[in-house]
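Structure first, then comments.
Just so we're clear, the structure is a prediction, and the values are computed from it rather than from any experiment. A note on names: the letters A, B, ... follow the listed sequences, proteins ahead of strands, and every chain is numbered from 1.
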Amino acid sequence: MRIPSAAAADLAVAGRPPERRWPPAIPLVIVAALVFCAVLAPLLAPHSPVEGSLGERLIPPLGMEGAKPNHPFGTDRLGRDTLSRLVYGARISLSVSVVGITLTGTMGAFIGLLAGFLGGWVETLLMRLVDISLSLPGILIAVLLSVVFEPSFTNVIIVVVFLLWPSYARLVRGETLGLKQQEFVALARVAGCSSLTIMFRHIVPNLAPSILVLATLHVGYVIVLEAALSFLGVGIPPPTPSWGVMVADGRGLIEQAWWISILPGIAILVTVLSLNILGDWVRDRLDPKLRQV
Amino acid sequence: MQRYIVGRLLQSIVSMFVVSVVVFALVRLSGDPIQIMAPPEATEADIKIMRAYLGLDRPWPIQYGRFVTRALQGDFGQSVRFRRPALDLILERYGATFELGGLAVLIVIVVALPVGVYAAVRRGTALDYAARAFAALGQAVPPFWLGLLLVLVFGVLLHLLPTSGRGTPLHIILPGITLGWFAVAGLMRLTRSSMLDVLGSEYVKLARIKGLPERQVIWKHAFKNAALPVVTFAALLFVALLNGSIIIETVFSWPGLGLLVIEAVDSRDYPIVQTVVLFLSAMYIGVNLLVDILYAYLNPKIRYSP
């Protein structure tokens with residue numbers, strides 16, 4: 001008879017993984033390198049990301065026959081340097097996630113705060129809005145937006161905000177409901193603080209950790225989303241070197257020039273994996289009760 | 001329960017209303033259709049007649065009313081590119097999308113559920129680590145890129161499988177696997193964590209103390225209870241498949257609704273984009289509604305509430 005599985009089940013309940021004080025090193029280094037590339041792209045990239053020379057089309061990466069040392073990751077069908085495009089691509093990925101998540105986080109949190117703090121019909125109305133928003137298909141909205149307006153950075157941001165604000169609103173509403181019952185809120189009221197002061201001086205600072213955790217966990221998701229939209233031609237328009245655009249560029253050339261599509265995909269994979277691992281770490285450090293998020 | 005269902009139904013209707021307004025408004029914002037349709041030599045008077053004929057001189061709410069009435073009668077306008085009714089094109093294409101989605105669901109059920117359950121039961125073993133690594137990878141790999149990677153390996157390098165179009169049963173293998181992959185990762189994770197919660201419960205301990213065979217403890221006592229959150233995931237699964245189908249049909253040139261809509265975006269074929277968006281949104285909202293009702297039925301806390 002096998003007992004171990006019961007024991008393992010017990011462990012499952014009792015044993016939370018031991019808290020790690022330091023963030024996991026490899027993902028941290030990767031993300032730091034990425035930010036570095038994004039900020040210093042013009043200095044780091046050996047060539048222009050959008051201008052190629054037609055004499056240097058489809059050069060394979062180092063290690064393959066016909067490679068050239070000045071194009072270590074090869075070139076695409078217009079002779080543009082893959083490495084330079086990858087470096088600039090980090091800019092797009094990071095700016096979409098930073099701008100998108102900041103906007104959606106602020107907006108969602110504000111709505112959640114209003115709903116949780118004010119209660120009553122405001123809460124009912126706002127939470128119905130959340131439900132409706134969750135029941136609309138985001139990628140289709142992106143497709144529609146791109147037909148009506150030209151594909152653009154702004155469209156991608158609209159889609160990000162549209163898809164993510166409900167999770168911030170729900171989270172913040174829940175937390176606010178809890179905080180509202182706390183003594184310090186009652187004391188602030190006794191001390192004569194207005195509702196606005198209580199909301200922004202006393203409640204908002206207490207919301208920060210949860211919002212930060214959710215935001216960290218969303219970064220990887222937003223990067224994949226942007227790449228997918230750009231790949232479909234409804235996100236960042238070419239020739240801007242978004243990683244998704246790059247994968248799409250190489251699609252028809254997968255037989256002759258696999259590197260055009262495969263390398264940016266690896267960049268996305270490594271980035272998102274690192275960000276997700278870091279996100280889990282931040283969550284465990286700041287707010288373990290969010291484990292289900 | 002009845003109250004819950006009625007409320008949920010009303011909410012779905014509101015959602016559908018919002019979608020239709022958004023679609024209507026965005027397409028109207030995209031420019032004056034007369035400018036596109038009228039020949040250059042048309043006079044001011046011709047344009048006025050044309051505008052009146054198409055009802056474009058009426059107030060927006062009335063135009064919206066006409067749009068909805070026609071849509072409900074199955075008239076979604078003509079495709080600009082194919083010069084055929086939009087509805088006909090959709091009816092031709094949806095079968096391919098469902099075929100692909102069906103295979104993906106099958107892969108998900110056959111792979112994700114058993115692996116998720118046993119990863120929880122054998123917590124900390126190699127199987128568990130492998131499952132978790134796969135789940136982590138599954139969330140980080142962009143779907144369109146995985147598709148291309150499979151094309152490169154199985155199509156270009158090994159010459160084993162066809163990489164685009166639809167025809168023989170072999171054609172569906174690569175798109176099916178790509179589409180299934182993502183849903184597998186999410187569902188596996190959820191099944192595992194849900195099973196872990198249940199395995200620690202008193203009634204599972206009791207079942208073990210009674211000396212029931214392990215298989216019976218796992219599937220009859222534990223899994224049945226762990227399945228509840230998994231049902232909710234079915235809605236998310238559908239979302240993943242819907243979003244995925246647009247991307248994956250594009251990668252593999254699979255002639256379904258996703259490819260239709262992306263091609264329509266390229267050729268600015270508004271009526272097609274509009275119709276596919278309405279059609280898929282209706283399905284999306286409908287499936288969400290069904291899943292919520294199923295969940296309410298399975299969950300006694302909601303079932304027995306007034």
Heavy atoms from other residues, nucleotides or ligands near CZ of F153(A) exceed 12 (cutoff 6.0 Å): yes

Given the options A228(A), G250(A), A248(A), S274(A), which has more heavy-atom pairs under 4.5 Å with chain B than any of the others? A228(A)

Under 4.5 Å from a heavy atom of chain A, the part of V204(B) involved: neither

Look at V247(A), T271(A), L232(A) and state which one has the largest set of heavy-atom pairs under 4.5 Å with chain B. L232(A)

Between V151(B) and chain A, which part of the residue has a heavy atom less than 4.5 Å away: side chain, backbone, both or neither? side chain

Quick one: which residues of residues 251-264 of chain A reach chain B at under 4.5 angstrom, heavy atoms only? R251(A), I254(A), E255(A), W258(A), S261(A), I262(A)

Does any heavy atom of chain B fall under 4.5 Å from the side chain of V270(A), the backbone, both, or neither of them? neither

Does any heavy atom of chain A fall under 4.5 Å from the side chain of I262(B), the backbone, both, or neither of them? side chain

Can you tell me if CD1 on I13(B) sees more than 12 non-hydrogen neighbours from other groups inside 6.0 Å? yes

Between I268(A) and P142(B), what is the shortest heavy-atom contact and its length? CG2-CG, 3.6 Å

Proximal component of V251(B), with respect to chain A [non-hydrogen, under 4.5 Å]: both

Contacting moiety of V141(B), where chain A heavy atoms sit under 4.5 Å: both

In terms of heavy-atom pairs under 4.5 Å, which option from L289(B), I246(B), V217(B), V261(B) contacts chain A the most? I246(B)

Heavy-atom contact with chain B under 4.5 Å, split by part of L225(A): neither

If every non-hydrogen atom of I266(A) is compared with every non-hydrogen atom of W145(B), which pair is closest and at what distance? CG1-CZ2, 3.6 Å

Do other residues, nucleotides or ligands put more than 12 heavy atoms under 6.0 Å from Y203(B) OH? yes

